[in-house]
**Q** 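Structure below; questions to follow.
Proteins get letters first, then strands, A, B, ... in listed order; numbering begins at 1 in each.
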Amino acid sequence: MADDKKLTTRDADFSAWYNEVVLRSELADYSPVKGCMVIRPNGYGIWERMQRQLDDMFKATGHQNAYFPLLIPESFLHKEAQHVEGFAPEAAVVTHGGGKKLEEPLIIRPTSETIIYTMFAKWVQSYRDLPILMNQWANVVRWEMRTRLFLRTTEFLWQEGHTAHVSEAEAEEEARKMLGVYRDFMEGWVAMPVVTGRKTDSERFAGALRTYSCEAMMQDNKALQAGTSHNLGQNFAKAFDLKFQAENGATEHAWNTSWGVSTRMVGGLVMTHGDDTGLRVPPLLAPIELVIVPIYRTPDEQTLVLEAAERIRKSLGDWDRREPARLRIHVDTREGMKPGAKYYEWELRGVPLRLEIGPRDLASNQGVLVRRDTREKRPVSLGILGEEVSDTLSRMQRDMLAAALDRREANSVRARIDYGAFKELMEGKGGFVYAGWCGDAACEAQIKDETKATIRCLPDEEFQSATKPTECLKCGRPSTVEALWARAY
RNA sequence: CGGGGCGUAGCGUAGCCCGGUAGCGCGCCUGCUUCGGGAGCAGGAGGUCGCUGGUUCAAAUCCAGUCGCCCCGACCA
């Protein structure tokens with residue numbers, strides 16, 4: 001069945017396309033438990049590279065890793081009023097252990113603010129103990145009604161940064177700084193452009209003073225919230241008695257931030273870069289950057305070509321690329337599979353570069369280098385292969401970001417738009433709409449109700465339109481702030 | 001929780017109306033020939049037809065119940 005080998009196209013059914021890409025490129029698979037997924041080596045390899053880079057960035061900004069336990073007393077959740085309201089419905093509760101009913105039920109963390117600030121309170125006495133800049137890599141569980149691979153699963157992997165500061169200004173600076181770190185990572189590594197900004201009250205994290213987010217546009221023109229950073233104010237400090245003695249002797253509550261990104265970013269990567277042939281992984285995150293496919297007919301040719309492939313792998317692997325570390329290369333030596341079949345498979349898996357080498361190439365000391373993103377195919381002399389591969393990978397990383405940025409801008413509307421046209425746009429092809437907002441939550445709610453579009457964020461200055469909108473998209477009253485509207489995941 | 005769909009070999013499915021030998025494609029194993037864009041031939045392995053109960057001489061098929069999954073809507077990173 002030739003058709004069986006082709007993916008559903010993005011045009012025909014974006015959602016089906018996404019599921020097929022994730023399953024067939026072996027990023028993940030469904031687990032026996034509803035809403036849970038297994039992250040397979042291909043997917044986990046991408047996550048590991050995300051983790052490594054982000055971890056470096058967190059360390060570079062002064063944070064340290066720690067680990068807090070999975071199980072939290074249920075009562076902790078109730079100590080902060082908004083927080084319990086936000087998370088109680090989706091908390092998984094452990095009622096039995098060791099064959100007995102527990103005196104107090106435990107919850108499986110949906111996020112760790114409660115346990116972390118409880119511990120911070122124990123560790124902090126003086127302003128000299130601040131700031132605390134901590135991060136943990138962990139799994140969390142949220143009982144979601146509807147789940148999708150990577151985008152929303154019952155259990156997911158993430159990092160949660162938690163900090164405590166002496167002042168609101170310092171906490172605000174931290175929250176903004178980490179949002180910037182996320183943005184740098186998403187653009188520089190995921191090659192996924194994001195709009196940063198502040199969340200409205202209705203979209204704010206339960207218990208936060210202010211929430212900031214990175215919003216990316218997927219290929220179906222829907223928004224994906226790819227990372228969030230919260231200024232928690234003193235809400236948790238007050239709820240968990242996190243106090244310190246200030247320089248002037250007064251006792252004050254600390255100011256907290258928390259920030260996180262999750263395996264959801266892998267889904268964002270798929271929906272940003274994937275095409276109808278499958279996945280396209282940005283080079284910096286690709287577990288394999290270059291796959292070598294040997295081509296041969298006779299046993300003699302096989303020996304010749306495989307030896308050459310191994311030689312190339314070794315010399316490129318040893319080749320001292322300055323950045324970022326060694327090339328990640330794989331030689332596909334599988335027998336009984338034609339080269340063409342291998343091409344399709346590696347394209348499905350999104351490996352950035354492919355080197356085809358056959359007897360004819362070797363005779364002229366060259367190979368054929370193929371880019372996954374543009375499908376550009378060109379002969380490259382083996383003598384300069386290291387430079388060529390390295391340059392091409394850097395170029396691809398930049399090109400993929402540029403392409404994603406072009407696509408986003410082509411599907412963004414900044415011109416004045418009346419509500420009827422807006423509604424039509426949201427029901428049709430969708431996209432990002434920058435428009436005025438009066439600031440009234442009622443307008444926001446009504447728009448959501450009627451169009452399913454929400455305010456993704458109130459964009460930061462650099463994302464705001466040159467001409468400020470003057471009136472509210474919905475009610476026509478004077479606009480107080482520019483808002484980014486879109487349907488979202 | 002509402003709406004829709006589906007549970008038959010690893011995957012995709014036919015058979016179900018009208019009860020009677022479980023069939024096909026892909027994949028997998030072995031061998032030979034192949035190999036510059038999804039290989040061909042030959043042989044082979046693999047099934048408590050989601051589960052429970054009922055009707056019947058006989059159930060994948062009919063009836064009742066039950067469990068699970070996927071998709072679309074109301075909550076969320």
**Q** Would you please determine if the base of B/rG37 is stacked by A/Tyr343, with stacking meaning a centroid separation under 5.5 angstrom and planes under 30 degrees?
**A** no
**Q** How long is the line joining CG of A/Leu23 and C1' of B/rG27, in whole Å?
**A** 16 Å
**Q** Could you give the distance from NZ (A/Lys342) to OG1 (A/Thr333), rounded to the nearest 0.5 Å?
**A** 6.5 Å
**Q** Considering only heavy atoms from C-beta outward, does the side chain of A/Arg204 approach that of A/Thr200 to under 4.5 Å?
**A** no
**Q** When we call it a touch if two heavy atoms are under 4.0 Å apart, what does A/Arg334 touch: a base, just sugar-phosphate, or nothing?
**A** nothing
**Q** Considering residues at least two apart in sequence or located in another chain, which fulfil the ring pair (Phe, Tyr, Trp, His ring centres under 6.0 Å) criterion with A/Phe463?
**A** none
**Q** For A/Val140, report the nucleic acid contact type (base, sugar-phosphate, nothing); a contact means any heavy atom under 4.0 Å.
**A** nothing
**Q** Among B/rC76, B/rG38, B/rC35, which is the nearest nucleotide to the side chain of A/Glu144?
**A** B/rC76
**Q** If I take atom CD in residue A/Glu356 and atom C1' in nucleotide B/rC35, what distance separates them, rounded to the nearest angstrom?
**A** 13 Å
**Q** Return the polar atom pairs (N/O with N/O) between nucleotides 67-73 of chain B and the protein under 3.5 Å, or none.
**A**
| unit_1 | atom_1 | unit_2 | atom_2 | d |
| --- | --- | --- | --- | --- |
| B/rC69 | OP1 | A/Lys34 | N | 2.9 |
| B/rC71 | OP1 | A/Asn19 | ND2 | 3.3 |
| B/rC72 | OP1 | A/Ser15 | OG | 3.3 |
| B/rC72 | OP2 | A/Arg146 | NH2 | 2.0 |
| B/rG73 | OP2 | A/Arg146 | NH1 | 3.1 |

**Q** List the steps and the verdict of salt bridge (Lys or Arg N to Asp or Glu O under 4.0 Å) for A/Arg378 and A/Glu388.
**A** CA-CA 11 Å; A/Arg378 69 198 164 93; A/Glu388 287 293 324; 2.9 Å; yes
**Q** Heavy atoms within less than 4.0 Å of RNA chain B: which residues of residues 202-221 of chain A have one? Give them sorted by number.
**A** none
**Q** Kindly say if A/Lys338 contacts the phosphate of B/rG36, meaning a side-chain N or O under 4.0 Å from OP1 or OP2.
**A** yes
**Q** Given the P atoms of B/rG44 and B/rA59, what is the spacing between them in whole Å?
**A** 31 Å
**Q** For B/rG12 versus B/rG27, give the span between their P atoms, rounded off to a whole number of Å.
**A** 15 Å
**Q** Nearest heavy atom decides the nucleotide; on that basis, is A/Arg360 or A/Tyr489 closer to the 5' end of RNA chain B?
**A** A/Arg360
**Q** Please pick, from B/rG38, B/rG37, B/rG36, the nucleotide with the shortest atom-to-atom distance to any side-chain atom of A/Glu347.
**A** B/rG37
**Q** Kindly write out the residues that satisfy ring pair (Phe, Tyr, Trp, His ring centres under 6.0 Å) with A/Phe156, not counting sequence neighbours, or none if the list is empty.
**A** A/Trp158
**Q** So which one's nearest nucleotide on RNA chain B is more toward 5', A/Thr263 or A/Lys342?
**A** A/Lys342
**Q** Under 4.0 Å from any atom of RNA chain B, heavy atoms only: list the residues of residues 296-310 of chain A that qualify, in numerical order.
**A** A/Tyr296, A/Arg297
**Q** With a non-hydrogen cut-off below 4.0 angstrom, is A/Pro359 in contact with a base, only sugar-phosphate, or nothing?
**A** base
**Q** So what does A/Thr153 touch, heavy atoms closer than 4.0 Å: a base, only the sugar-phosphate, or nothing?
**A** base
**Q** Quick one: ring pair (Phe, Tyr, Trp, His ring centres under 6.0 Å) pairs with a partner in residues 11-34 of chain A, sequence neighbours left out?
**A** A/Phe14-A/Trp17
**Q** What contact category does A/Leu224 fall into here, base, sugar-phosphate, or nothing, at under 4.0 angstrom with non-hydrogen atoms?
**A** nothing
**Q** Rounded to whole Å, please give me the gap between CZ in A/Arg24 and P in B/rG27.
**A** 12 Å
**Q** Using atom CZ of A/Arg456 as one end and atom P of B/rC76 as the other, report the distance to the nearest whole Å.
**A** 11 Å
**Q** Please report the distance, rounded to the nearest Å, between CD in A/Glu345 and C1' in B/rG37.
**A** 14 Å
**Q** Can you check ring-ring contact (aromatic ring centres under 6.0 Å, His included) on A/His162 and A/Phe68, steps first, answer last?
**A** CA-CA 11 Å; A/His162 292 275; A/Phe68 295 79; 7.6 Å; no
**Q** Establish whether the base of B/rG38 is bridged to the side chain of A/Lys6 by a donor-acceptor pair shorter than 3.5 Å.
**A** no
**Q** Could you tell me how far apart A/Leu355 (CG) and B/rG37 (P) are, to the nearest whole angstrom?
**A** 15 Å
**Q** Please identify each residue that fulfils salt bridge (charged side-chain N to carboxylate O under 4.0 Å, His left out) with A/Asp56, with sequence neighbours left out.
**A** none
**Q** Given side chains that start at C-beta, do those of A/Lys79 and A/Phe236 come closer than 4.5 Å, heavy atoms only?
**A** no
**Q** Using a cut-off of 4.0 Å on non-hydrogen atoms, how would the nucleic acid contact of A/Gly358 be classed: base, sugar-phosphate, or nothing?
**A** base
**Q** Remember a base hit wins even if backbone is also touched, and classify A/Lys199 as base, sugar-phosphate or nothing at under 4.0 Å, heavy atoms.
**A** nothing
**Q** Between A/Arg176 and A/Asp460, is there a side-chain N and carboxylate O pair less than 4.0 Å apart?
**A** yes
**Q** Taking distance alone, no hydrogens or angles, what donor-acceptor pairs closer than 3.5 Å link side-chain atoms of residues 346-359 of chain A to residues at least two apart or in another chain?
**A**
| unit_1 | atom_1 | unit_2 | atom_2 | d |
| --- | --- | --- | --- | --- |
| A/Trp346 | NE1 | A/Asp332 | OD2 | 2.7 |
| A/Glu347 | OE2 | A/Arg354 | NH1 | 2.9 |
| A/Arg349 | NH2 | A/Glu26 | OE1 | 3.2 |
| A/Arg354 | NE | A/Glu356 | OE2 | 3.1 |
| A/Arg354 | NH2 | A/Glu356 | OE2 | 3.0 |
| A/Glu356 | OE1 | A/Tyr343 | OH | 3.3 |

**Q** Could one point to a donor on the side chain of A/Arg354 or the base of B/rG37 with an acceptor on the other under 3.5 Å away?
**A** yes
**Q** Of the candidate nucleotides B/rC35, B/rA39, B/rG37, which contains the atom at the shortest distance from the side chain of A/Val370?
**A** B/rG37
**Q** Specify whether A/Phe432 and A/Tyr434 have parallel, tilted or perpendicular ring planes, treating 30° as the upper limit for parallel and 60° as the lower limit for perpendicular.
**A** perpendicular
**Q** From CH2 of A/Trp143 over to P of B/rC1, roughly how many Å is that when rounded to an integer?
**A** 14 Å
**Q** Could A/Glu215 and A/Lys199 be called an ion pair, given the rule that one side-chain N must be under 4.0 Å from one carboxylate O?
**A** yes
**Q** Show every ring pair (Phe, Tyr, Trp, His ring centres under 6.0 Å) that has at least one partner inside residues 190-212 of chain A, sequence neighbours left out.
**A** A/His83-A/Phe205, A/Phe87-A/Phe205, A/Phe205-A/His230
**Q** With A/Trp143, which residues qualify under ring pair (Phe, Tyr, Trp, His ring centres under 6.0 Å), at least two apart?
**A** none
**Q** Measure from CG on A/Asp29 to P on B/rG10 and round the result to the nearest Å.
**A** 14 Å
**Q** Counting Watson-Crick and G-U wobble pairs with both distances under 3.5 Å, what is the dot-bracket string for RNA chain B, 5' to 3', using [ ] for crossing pairs and | for pairs to another strand?
**A** ((((((((.[[[[.)....(..]]]].((((((.....)))))).....[[[[[..)....]]]]])))))))....
**Q** Return each pair, listed once, that meets side-chain hydrogen bond (donor to acceptor under 3.5 Å, both in side chains) where at least one residue sits in residues 290-300 of chain A; pairs must be two or more places apart or across chains.
**A** none
